[in-house]
Amino acid sequence: MKGMDESLEKALLDMEAQDQAVRTELTAAGALNDTYHPRLEEVHRANSSRLRQIIAVFGWPGLTLVGDKGAKAAWRIALHSISEPPFMRQCRDLIERASEHGDAPRWLFAIIDDRIRVYEGRPQRYGTQLRVGANGLEPYPLENEARVSSMRAQAGLPPLAKTIAQARAQLQPTALEQARRDATDLEFRRTVGWI
């Protein structure tokens, strides 16, 4: 088996850094709101295209190929490929296989799987995706509430109550802001083909 590819790791880290730089710039300018900013979508699509090429040549860039930081950067790129449902689903499946073989932490799969399920309008399994509800932040609907604690533990995620408490300690959108986000998000999900 080949060793770690440092140039590939650097390419992934550079893509992630570009994403974060644009996000930081748009946030500072007050330009990130309820809609998917075209500049951010442009970066996400470019990064997805490059990740798609990497996958075609090397397979999923997991821990063995690109190390911990590189593997997490690849996962974040996949997580941000929200304008490309088939590619994001492909990445989820590759991450699942990698996690089953010890080449990716299981929590990477849990988060991308939950995000995809929420985008598709289906209940999530691990409770990683939160929204504002009647009592503040809460998980989007769960597939099996009785199993979520054990599934989170198996994936290496903290207890859901701890995650919710930490999230609630942050500044939260108002119910009206959340309703606007939900409406915009629904339209986006329909437009790009999630639902």
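The structure displayed is predicted, hence computed values, not measured ones. In this chain, residues are counted from 1 in sequence order. Quick note: numbers below take in every heavy atom, side chains included, and nothing from hydrogens, waters or symmetry partners.
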J.: For R89, is the CZ atom crowded, meaning more than 12 foreign heavy atoms sit under 6.0 Å from it?
T.: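 For R89, atom CZ is crowded (more than 12 foreign heavy atoms under 6.0 Å).
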J.: Kindly work out whether a path of hydrophobic side-chain contacts (I/L/V/M/F/W/Y, heavy atoms less than 4.5 Å apart) joins L186 to V132.
T.: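 No, it is not one cluster - the side chains of L186 and V132 are not joined through contacts under 4.5 Å.
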J.: Less than 4.5 Å apart, any side-chain heavy atom of C91 and any of W75?
T.: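 SC-SC contact between C91 and W75 ruled out.
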J.: Considering only heavy atoms from C-beta outward, does the side chain of H101 approach that of W60 to under 4.5 Å?
T.: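 Contact flag for H101/W60 side chains = no.
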J.: Take a 6.0 Å sphere around CD of Q172 and say whether it holds more than 12 heavy atoms from other residues, nucleotides or ligands.
T.: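 Atom CD in Q172 is packed in, count exceeds 12.
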J.: Is the closest side-chain heavy-atom distance between L130 and P139 below 4.5 Å?
T.: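 A side-chain contact exists here, since the closest heavy-atom pair is under 4.5 Å.
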J.: Using 0.5 Å steps for rounding, measure from the CZ atom of R92 to the OG atom of S99.
T.: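 That separation rounds to 12.0 Å.
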J.: Please check if any side-chain donor atom of D19 sits under 3.5 Å from a side-chain acceptor atom of H80, or the reverse.
T.: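 Yes, side-chain donor-acceptor contact under 3.5 Å.
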J.: Determine, for Y119 and R189, whether the Lys NZ or Arg CZ falls below 6.0 Å from the six-membered ring centre while staying within 45 degrees of the axis.
T.: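 Geometry flag: not set, cation outside 6.0 Å or 45°.
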J.: So do D114 and R125 actually touch side chain to side chain, heavy atoms under 4.5 Å?
T.: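 Yes, close enough: below the 4.5 Å cut-off.
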J.: Do the non-hydrogen side-chain atoms of Y126 and W107 ever get within less than 4.5 Å of each other?
T.: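 In short, these two side chains do not touch, never coming nearer than 4.5 Å.
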J.: Starting at OH of Y36, measure out to CD of E187 and round the result to the nearest 0.5 Å.
T.: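 Interatomic distance, Y36 OH to E187 CD, rounded to 0.5 Å: 16.0 Å.
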J.: What distance separates L142 CG from T128 OG1, expressed to the nearest 0.5 Å?
T.: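 These two atoms lie 9.5 Å from each other.
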J.: Should we count CD of E145 as having more than 12 external heavy atoms under 6.0 Å?
T.: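 Atom CD in E145 is not packed in, count stays at 12 or less.
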J.: Kindly work out whether a path of hydrophobic side-chain contacts (I/L/V/M/F/W/Y, heavy atoms less than 4.5 Å apart) joins Y140 to F188.
T.: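 Shared cluster, no.
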J.: Does some side-chain heavy atom of K69 sit less than 4.5 Å from a side-chain heavy atom of L13?
T.: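 Yes. Closest side-chain heavy atoms under 4.5 Å.
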J.: For residues L63 and L8: do they belong to one hydrophobic cluster (side chain heavy atoms under 4.5 Å, members Ile, Leu, Val, Met, Phe, Trp, Tyr)?
T.: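 No; L8 is not reachable from L63 via cluster members.
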J.: If we only count heavy atoms from C-beta on, is the R115 to I111 side-chain gap below 4.5 Å?
T.: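 No, too far: nothing below the 4.5 Å cut-off.
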J.: Compute whether any side-chain donor of one residue and acceptor of the other, for R52 and S81, lie under 3.5 angstrom apart.
T.: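 No, because no side-chain N or O of R52 sits under 3.5 Å from a partner of the opposite role on S81.
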J.: Give, for atom OG1 of T163 and atom CZ of R152, the distance between the pair rounded to the nearest 0.5 Å.
T.: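 T163 atom OG1 to R152 atom CZ measures 4.0 Å (nearest 0.5 Å).
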J.: So, are R131 and D182 salt-bridged, with charged N and O less than 4.0 Å apart?
T.: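 Judged by the 4.0 Å cut-off on N to carboxylate O distance, R131 and D182 do not form a salt bridge.
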J.: With sequence neighbours excluded, give me every side chain to side chain donor-acceptor pair (under 3.5 Å) pair touching residues 4-15.
T.: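 Of all non-adjacent pairs touching residues 4-15, those that pass side chain to side chain donor-acceptor pair (under 3.5 Å) are D5-S7, K10-D14.
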J.: How many angstroms lie between NZ in K162 and CG in L160, if you round to the nearest 0.5 Å?
T.: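 Output value for this atom pair is 12.5 Å.
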J.: Are L176 and L32 grouped together when hydrophobic residues (ILVMFWY) are joined by side-chain heavy atoms under 4.5 angstrom apart?
T.: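 Cluster IDs for L176 and L32 differ.
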J.: Going by the side-chain contact (heavy atoms from CB on, under 4.5 Å) test, name the single residue among M151, R117, Q124 that passes it with E143.
T.: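 Checked M151, R117, Q124 against E143; only one passes side-chain contact (heavy atoms from CB on, under 4.5 Å): R117.
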J.: Out of curiosity, Q18 CD to H44 NE2, how far, rounded to the nearest 0.5 Å?
T.: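 It comes to 10.0 Å.
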J.: More than 12 foreign heavy atoms under 6.0 Å from CZ of R122: is that the case here?
T.: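 More than 12 heavy atoms, drawn from other residues, nucleotides or ligands, come within 6.0 Å of this atom.
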J.: Any side-chain heavy atom of I54 within less than 4.5 Å of one from V66?
T.: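 Heavy-atom side-chain distance check fails, nothing below 4.5 Å.
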J.: Identify whether V148 and L157 are in the same connected component of the hydrophobic contact network (ILVMFWY, side-chain heavy atoms under 4.5 Å).
T.: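 No; tracing contacts between hydrophobic side chains, which count when under 4.5 Å, never links both residues.
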J.: Work out which heavy atom in I195 is nearest to a heavy atom in G121; give both atom names and the distance.
T.: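 Looking at all heavy atoms of both residues, the closest pair is CG2-N, 4.2 Å.
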J.: Under the criterion side-chain contact (heavy atoms from CB on, under 4.5 Å), which of D93, L94, L79 is the partner of I112?
T.: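 Single pass found, and it is L79.
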